[in-house]
Number of protein chains: 2
Amino acid sequence: MDANSVIKALAALAQEHRLAVYRLLVQAGPEGLSAGILADRIGVAPSSMSFHLAQLANAGLVMQRRQSRSIIYSADFDVMNSVMGYLTENCCGGLSCSPITAFFPDVSDQREVA
Amino acid sequence: MDANSVIKALAALAQEHRLAVYRLLVQAGPEGLSAGILADRIGVAPSSMSFHLAQLANAGLVMQRRQSRSIIYSADFDVMNSVMGYLTENCCGGLSCSPITAFFPDVSDQREVA
DNA sequence: TCATCGATTCCATATTTATTGAAATATCAA
DNA sequence: TTGATATTTCAATAAATATGGAATCGATGA
């Protein structure tokens, strides 16, 4: 994965609402969530949500499919996978930064988005 | 680690020059590199480099120490470690996105910064 | 067909970010 | 002290980002 793609993905996630959206989509699994539901849950105008979803899609972090009138978004793990690989490879000392040493969940942070 | 800290770290890395700086500092190890050397290597004005280093420092990704007239920056892996943990925990399906499946280096990308 | 619903695009605006020259600060050496 | 060096801060500017109302597009059902 090239640096440009990594930057696009990091920039997509480096925003309060988009990070929250991505977390919701990860939770939601393959079924995904519609743009409208996401706008409601996050609390932004539909047009703003479209803007943010476009960024996530442009970074390759989410997939979209039409289902009747709704457009359903779902997390696509491929890019996230590559980003994690890039960071591990290029931005970690090779010793730390591994999820093995950081895997324990921060329970206090579990409900802050929904 | 709270979402805000993650966002700050991701935003710090989601910029061409800053990502390049961080990679250089990871390569450089604990000895680090001075602000001037970094400005030269990256190819930006000293004041621009100060701006970017301030963002990395504010995100907690780098440490600084004065050594004579120079200020030496070095990578601090703690925050990166936490970010990796947060992403693994909250933004990955729990199945993929693990460095175990993405660990193999992209050799073609090794020299693009330096 | 027509009204409606869900989502996006367009537009205007406000905010944030990035950039660099110039000035200010800190250190050192003569 | 004076001058040179390294870095940051300040100021001005340009560019990118985020926001939401209004208009538009697509799909559905009566």
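Residue numbers begin at 1 in each chain, while the letters A, B, ... track the order of the sequences.
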Distance check needed: [N] [atom2] versus [X] [atom1], whole Å only.
X	N	atom1	atom2	answer
His52(A)	dT8(C)	NE2	P	13 Å
Gln67(A)	dG6(C)	CD	P	13 Å
Glu16(B)	dA18(C)	CD	P	11 Å

Tyr73(A) side-chain N/O to dT8(C) phosphate OP1/OP2 under 4.0 Å: yes
Distance below 4.0 Å between Gln15(A) side-chain N/O and dT16(C) OP1 or OP2: no
For the student: nearest non-hydrogen atoms of Val79(B) and Ala9(B), plus distance: CG1-CB, 4.0 Å
Nucleotide nearest Ser50(A) when distance is taken to its side chain, options dA18(C), dC28(C), dA7(C): dA7(C)
Between the main-chain N or O of [Y] and the side-chain N or O of [X], is there a donor-acceptor pair closer than 3.5 Å?
X	Y	answer
Arg41(A)	Val21(A)	no
Asn90(B)	Tyr86(B)	yes
Arg18(A)	Ala20(A)	no

Chain B contact limits on DNA chain D, taken 5' to 3' with a cut-off of 4.0 angstrom to heavy atoms: dA4(D) to dT9(D)
Roughly how far, to the nearest 0.5 Å, is the [atom2] atom of [Y] from the [atom1] atom of [X]?
X	Y	atom1	atom2	answer
Cys91(B)	Leu61(A)	SG	CG	9.0 Å
Asp78(B)	Met63(B)	CG	CE	8.0 Å
Met49(B)	Ile37(B)	CE	CD1	11.5 Å
Tyr22(B)	Asp76(B)	OH	CG	7.0 Å

Rounded (10°) bend between the five-pair end axes of the helix from dT1(C)-dA30(D) to dA30(C)-dT1(D): 20°
Test side chain to side chain contact (heavy atoms under 4.5 Å, CB included) applied to Ile71(A) and Leu53(A), step by step: CA-CA 11 Å; Ile71(A) 294 182; Leu53(A) 288 171; over 6 Å; no
Using the 3.5 Å cut-off, write out each protein N or O paired with an N or O of nucleotides 21-26 of chain C and the distance between them.
| unit_1 | atom_1 | unit_2 | atom_2 | d |
| --- | --- | --- | --- | --- |
| dG21(C) | O6 | Ser47(B) | OG | 3.2 |

DNA chain D: 5'-proximal contact among Gly43(A) and Leu53(B) (nearest heavy atom): Leu53(B)
